[in-house]
Number of protein chains: 2
Amino acid sequence: MADLVYQRVINKLQKSIDANEYTDLKLPNERILAEEFNVSRSSIKKAMNVLIQRGVVFQKQGSGTFVNPLYLKNRPLFNFSGDNVGVTDTFQKDGERPDIRVLDLNVVKATEEVQQALFLEPGEFVYEIKRLRSFGTQPFMIEDGFVPVKLVPDLTEDIVSGSLYNYLQESRNIAVTRSFLTISADVSTAQDQELLQLKPNEPVGTMEGIFFMDRGTPIEFSHMRLHYKFMRYNTFTVLN
Amino acid sequence: MADLVYQRVINKLQKSIDANEYTDLKLPNERILAEEFNVSRSSIKKAMNVLIQRGVVFQKQGSGTFVNPLYLKNRPLFNFSGDNVGVTDTFQKDGERPDIRVLDLNVVKATEEVQQALFLEPGEFVYEIKRLRSFGTQPFMIEDGFVPVKLVPDLTEDIVSGSLYNYLQESRNIAVTRSFLTISADVSTAQDQELLQLKPNEPVGTMEGIFFMDRGTPIEFSHMRLHYKFMRYNTFTVLN
DNA sequence: CAGTGGTCTAGACCACAAG
DNA sequence: TTGTGGTCTAGACCACTGG
């Protein structure tokens, strides 16, 4: 991954920004950066596009490139910058991957909702995977995922106690690189409060999503309930 | 707008896709498209990136470019095609625009936080606009926005009792087409509960964001607190 | 006017997919 | 092996910002 020119640029710039090296929030201009990194300006632009998409910087024609002050204030707890769009890669704290506790693993008939989300025929079977994710002693997410049996016929509790998507990538060469997510909030239930160590009046953030393999085949439909302090999603939108 | 090469490509491809001209869902390869459109392959790639971001097509190295079948099945979910990124255009219920009640309108000196977000000098003045948005009798958002006085010197309570961005577009030809948002959730305060008609244990969704004009000048910094049932954010992510 | 990002081109070479 | 997208370069010219 990091042997790509623009990836190297992204990583270095991200590191510099996170280390507050640009105290006035202004980055060197693209031509200077190209020289400094000894790459073409196009590669700088490609890297910038990624950082812009992440909400880390923004550019202003005629003025320059600036660190996004909101990024500095609201360091995202997750962003889509890893190898795939799964929880293990996108939720990291100080570079640490979350711990996983498997609450339940079963095979069930897909409900209508699950059927629709995963484009299954009536009666097809899915794994239901309930997991709790934590950083050390702090649990932050209850995950209830559905995966078609026919796509991963050999799933075991052992596999889901680690990163499912990393397993798919390493042993099956399946990359999960797309996701469609709906982000919302909800009152916490008694179970939420117990598992996520929440007070009764504290809410959960919810994320509901479909995850896709490269070709566009849906591989997982997932409900996630997060400790509200751990749900912080950054998004940059440009209308065309 | 449409005099840009890549915009022309985007528009034509989008139109062809919407007209189901690619019956097998496969587009011509990039080199062919470059020839057909009489542009460079780089311009085709730039256009493709926009269509990919919109969820309209996806590419697979070695295979080609394909129309996203999910886009065909559920177009509105992936189309981000309002006129601007403001609340009035993006929050609509059955095509209805929300009502606005102005809670407060003042001119104040920008705090350091606001200064940074809007790229102002110390001591510059901003409007502070507090508004409550409702659908009929159901309030759903408390909005606390800051707009530099110098950018909109003639702001009045009358203007902010309607859509500020629509006013800017119509009377000043300023389009607000970019936004950076941080989405999270929080325990509701007494004020939230009163204004949004929430029970004490019910939470708010929060959105904090900077809104930008076309060329990147920030025009508003806004804190939004939403009735949790009305915060639903959809996002489509593609890695690489 | 100088500084800076935006657009666009032409072309080379690499990496992956599928026959 | 051929087709296809991915990466990368070098450089030209345009458009906007701000002194």
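None of the values given here were measured: they were computed from a predicted structure. When reading the values below, keep in mind they use all heavy atoms of this one structure, side chains included, and skip hydrogens, waters and symmetry mates. Sequence lines set the chain letters: A, B, ... in the order given, protein chains first and strands last, and positions in each chain run from 1.
Expressed to the nearest 0.5 Å, how far OG1 of A/T65 lies from CD1 of A/I32 amounts to 12.0 Å.
When atom types are taken as modelled, the side chain of B/R133 and the backbone of B/E143 share no donor-acceptor pair closer than 3.5 angstrom.
Distance, B/L151 CG to D/dT17 P: 11 Å, rounded to whole Å. The nearest whole Å value for the distance from the CG atom in A/N29 to the P atom in C/dA2 is 16 Å. Atom C1' of nucleotide D/dC16 and atom CD of A/Q61 are separated by 5 Å, given to the nearest angstrom. Remark: P of D/dG11 and NZ of A/K45 are 17 Å apart, rounded to the nearest angstrom. Atom OH of A/Y6 is separated from atom C1' of D/dT7 by 8 Å (rounded to the nearest Å). Atom pair B/F212:CZ and D/dC16:P shows a separation of 19 Å (rounding to whole Å applied). The nearest whole Å value for the distance from the CZ atom in B/R31 to the P atom in D/dG6 is 10 Å. Between the CD atom of B/E35 and the P atom of D/dG3 there is a distance of 14 Å, given to the nearest Å.
In this structure, A/S63 does not reach the D/dC16 phosphate: none of its side-chain N or O atoms is under 4.0 Å from OP1 or OP2. Phosphate proximity of D/dG6 to B/Q59: present, with a side-chain N or O under 4.0 Å from OP1 or OP2.
For the salt bridge (Lys or Arg N to Asp or Glu O under 4.0 Å) test, residues two or more places apart in sequence or in another chain that qualify with A/D18 are A/R75. For A/F221, the ring-ring contact (aromatic ring centres under 6.0 Å, His included) criterion is met by A/H223, not counting sequence neighbours.
Nearest to the side chain of B/S42, among C/dT9, C/dG5, D/dT7, sits C/dT9.
Among the protein residues, A/K46 comes within range of the sugar-phosphate backbone only, with heavy atoms under 4.0 Å from sugar or phosphate atoms but none that close to a base. If you check every strand for non-hydrogen atoms under 4.0 Å, A/S43 touches sugar and phosphate atoms only.
Taking 4.5 Å as the limit, every side-chain heavy atom of A/K46 sits out of range of all side-chain heavy atoms of A/V9.
Within residues 19-28 of chain A, the residues having any heavy atom under 4.0 Å from DNA chain C are, by residue number, A/K26.
A donor N or O paired with an acceptor N or O is found under 3.5 Å between the base of D/dG6 and the side-chain atoms of B/R41.
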- Apply the test ring pair (Phe, Tyr, Trp, His ring centres under 6.0 Å) to residues A/F58 and B/F212: give CA-CA distance (whole Å), side-chain angles for both, the deciding distance (0.1 Å), then the verdict. CA-CA 10 Å; A/F58 64 90; B/F212 303 87; 5.2 Å; yes
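Side-chain atoms of B/D154 and B/Y167 include a donor-acceptor pair closer than 3.5 Å.
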